[in-house]
Amino acid sequence: MQEDVWKGLAASDTIGILLVILTTVFFLVYILPTLFSTIIETLAKSSPENVARQVSSLISSSATSTFESRIEYFPGKDKEYKIEIFDRIVKVGIKSKLSYAEKTQSKKPILIDLYYRGDDVNTFIISKKFVGVSSYAFEATKK
Amino acid sequence: MLSRQQKNKGITFTLTSIIEGFLVILVVALLLWFSFNKIMEIHVTVEENLNERHSIILANALISNEKIAYIKDGKILRGVLDAEKLDELFIKKSDFLSDVKLLTNDVDLGISYPNSIIIVLVLDLEKCDNNDCDGWIVRLKSPLSLSGISLINFMDCLNSNIKVDVGTIFRFFLTTGGLWQPWDIDKCVKNNIPPSFKSFFNKNRITSQGFPILIKYNDTIHVGRIFVGLGEFI
């Protein structure tokens with residue numbers, strides 16, 4: 001009778017330990033990499049380096065339009081950027097509260113003459129119109 | 001009676017092991033929180049051939065630029081270049097070959113990247129003689145932008161990545177001055193130093209094969225190609 005009870009105790013302990021091991025393995029193998037890749041992907045997409053490249057390419061690409069175009073670029077909801085466009089350069093800096101996110105700013109060249117300065121923005125709008133001559137406009141807002 | 005007590009003991013042991021397990025998870029979570037807030041840093045490094053990207057964008061913009069493209073009824077015909085405009089703004093390829101100095105004069109088409117040397121070549125593929133085609137060549141005007149010079153960007157990047165902490169003492173023996181992690185320097189080089197520093201005119205598809213275009217003469221249209229060679233200053 002006593003032996004049976006000890007057997008039961010050993011089995012319960014083993015089940016408990018196994019559950020903890022399984023939870024930890026599931027966390028380390030599935031949840032942690034997913035969490036990391038989501039964080040890295042989000043930060044990479046919204047980093048000043050990437051946003052400066054995208055804005056510079058979109059401004060430059062708007063020059064390929066032959067009549068009228070409007071491009072809206074929205075890198076992310078909870079992000080705020082400082083943007084300056086001058087001397088055919090786009091300068092982008094991010095305001096991030098995350099301690100592990102990059103705080104640097106990035107500068108990239110553009111094809112056309114534009115001048116703009118904006119703070120705390122996350123939506124970039126580039127417009128082009130051709131009526132005899134090409135004219136460009138840039139606007140940044142917070143969504 | 002004895003049996004019930006021993007059964008309860010079993011339950012106590014199991015609860016203890018579950019609580020221990022949760023404590024382990026808590027410790028792991030605390031370690032993660034600590035690493036997220038104190039240790040972890042995410043750097044974004046983009047590896048691409050920037051010259052190729054810029055060449056493609058510029059070639060695309062040139063074939064719809066009103067200063068060289070053919071305009072009919074106030075509408076730009078994208079990809080159709082006007083031979084008269086090319087004669088006016090560009091140098092004839094045959095003239096250029098006899099006097100290379102002609103390329104010292106640059107032309108402002110309103111579009112070009114700053115701090116770069118940009119050469120545009122337009123070839124008429126229907127005016128060829130022994131694989132030597134007639135065409136036009138020009139050096140595009142590229143404004144100088146001091147704040148956009150790669151070396152200044154590189155210095156800015158290094159400046160914004162300076163780290164002064166306990167690790168500085170250890171890094172001092174590994175990297176210059178110990179102010180940067182090796183990956184900080186790597187990131188600044190990759191993101192800011194142009195590929196043209198390594199090879200002036202990149203041998204990529206856009207510069208070797210060009211973009212297909214049409215050239216509009218007064219009475220006829222010829223098939224041609226536009227080539228853009230681009231090199232950024234360091």
Side-chain angles (χ1 to χ4, degrees), chain A residues 1-2 4-6 8-17 19-21 23-24 27-28 32 35 39-40 43-45 47-50 53 56-57 60-67 86-89 91 98-113 130-134, chain B residues 2-3 6-7 9-11 13-18 20-22 24-25 28 32 35-46 48 53-54 57-58 60-61 63-66 69 74-78 110-116 143-148 153 156-157 160-161 191-192 232:
Chain A
M1 177 68 183
Q2 207 164 334
D4 282 349
V5 171
W6 281 116
L9 279 178
S12 313
D13 255 0
T14 316
I15 290 167
I17 292 164
L19 275 173
V20 169
I21 291 172
T23 315
T24 315
F27 181 75
L28 290 174
L32 199 64
L35 185 73
I39 290 172
I40 291 168
L43 285 181
K45 275 183 187 166
S47 71
E49 184 63 36
N50 192 45
R53 272 169 204 261
S56 82
S57 288
S60 303
S61 300
S62 71
T64 63
S65 153
T66 50
F67 175 55
F86 60 98
D87 295 347
R88 293 200 187 172
I89 297 286
K91 190 164 129 186
L98 298 170
S99 55
Y100 47 85
E102 245 181 340
K103 303 287 186 298
T104 52
Q105 56 183 20
S106 183
K107 282 187 262 180
K108 296 293 158 216
I110 54 169
L111 268 183
I112 51 167
D113 282 321
F130 175 75
V131 189
V133 279
S134 297
Chain B
L2 178 74
S3 168
Q6 279 175 339
K7 269 183 188 169
K9 258 189 183 176
I11 291 163
F13 277 130
T14 315
L15 273 174
T16 314
S17 60
I18 290 171
E20 277 172 2
F22 279 122
V24 171
I25 293 171
V28 172
L32 274 173
S35 75
F36 275 2
N37 285 282
K38 302 286 172 196
I39 303 167
M40 195 168 93
E41 276 179 21
I42 294 177
H43 294 273
V44 179
T45 306
V46 181
E48 64 172 357
R53 185 181 174 129
H54 285 172
I57 294 173
L58 182 55
N60 256 306
I63 60 173
S64 46
N65 183 268
E66 67 263 31
K75 287 170 193 157
I76 298 171
L77 299 190
R78 182 174 154 77
I111 51 168
S112 74
Y113 284 105
N115 308 323
S116 308
L144 186 71
S145 168
L146 283 178
S147 60
N153 290 347
D156 281 349
C157 179
S160 60
N161 280 286
N191 285 348
N192 296 289
E232 273 178 73

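The model shown is predicted, which means the values in this text are computed figures rather than measured ones. A note on names: the letters A, B, ... follow the listed sequences, proteins ahead of strands, and every chain is numbered from 1. Computed over heavy atoms, backbone and side chain alike; hydrogens, waters and symmetry mates excluded.
Two residues are said to be in side-chain contact when any heavy atoms from C-beta on lie closer than 4.5 Å; A/Ile89 and B/Pro114 meet this criterion. At a threshold of 4.5 Å between non-hydrogen side-chain atoms, the residues A/Leu111 and B/Ile57 count as touching. Contact annotation: the side chain of A/Pro109 approaches that of B/His54 to within less than 4.5 Å [non-hydrogen atoms, C-beta and beyond]. By the 4.5 Å heavy-atom criterion applied to side chains, B/Asn115 and A/Arg88 are not counted as neighbours.
Rounding to the nearest 0.5 Å gives a distance of 8.5 Å between CG of B/Leu77 and OG1 of A/Thr66. Between the SG atom in B/Cys157 and the NZ atom in A/Lys107 there is a gap of 11.0 Å [rounded to 0.5 Å]. Here B/Tyr113 contributes atom OH and A/Ile110 contributes atom CD1; the two are 9.0 Å apart, rounded to the nearest 0.5 Å. If you take CG on B/Asn153 and NZ on A/Lys108, they are separated by 6.5 Å, rounding to the nearest 0.5 Å.
Both the backbone and the side chain of B/Leu58 come within less than 4.5 Å of a heavy atom in chain A. When heavy atoms are compared at a cutoff of 4.5 Å, A/Ser57 approaches chain B by way of both its backbone and its side chain. For A/Leu35, the part lying near chain B is the side chain, with the backbone staying farther off; criterion is any non-hydrogen pair under 4.5 Å. Only the side chain of B/Asp156 comes within less than 4.5 Å of a heavy atom of chain A; its backbone N, CA, C and O stay farther away. Only the side chain of B/Val28 comes within contact range of chain A, judged by heavy atoms closer than 4.5 Å. The contact between A/Phe130 and chain B is made entirely by side chain atoms (from C-beta outward), counting heavy-atom distances below 4.5 Å.
The candidate from A/Ser60, A/Gly132, A/Ser62 with the greatest count of non-hydrogen atom pairs under 4.5 Å with chain B is A/Ser60. For the options B/Ser64, B/Ala61, B/Ser112, heavy-atom pairs under 4.5 Å to chain A are most numerous at B/Ser112.
With sequence neighbours excluded, the residues forming a salt bridge (charged side-chain N to carboxylate O under 4.0 Å, His left out) with A/Arg53 are A/Glu49, B/Glu48, listed by chain and number.
Side-chain atoms of B/Glu66 come within 3.5 Å of backbone N or O of A/Ser134 as a donor-acceptor pair.
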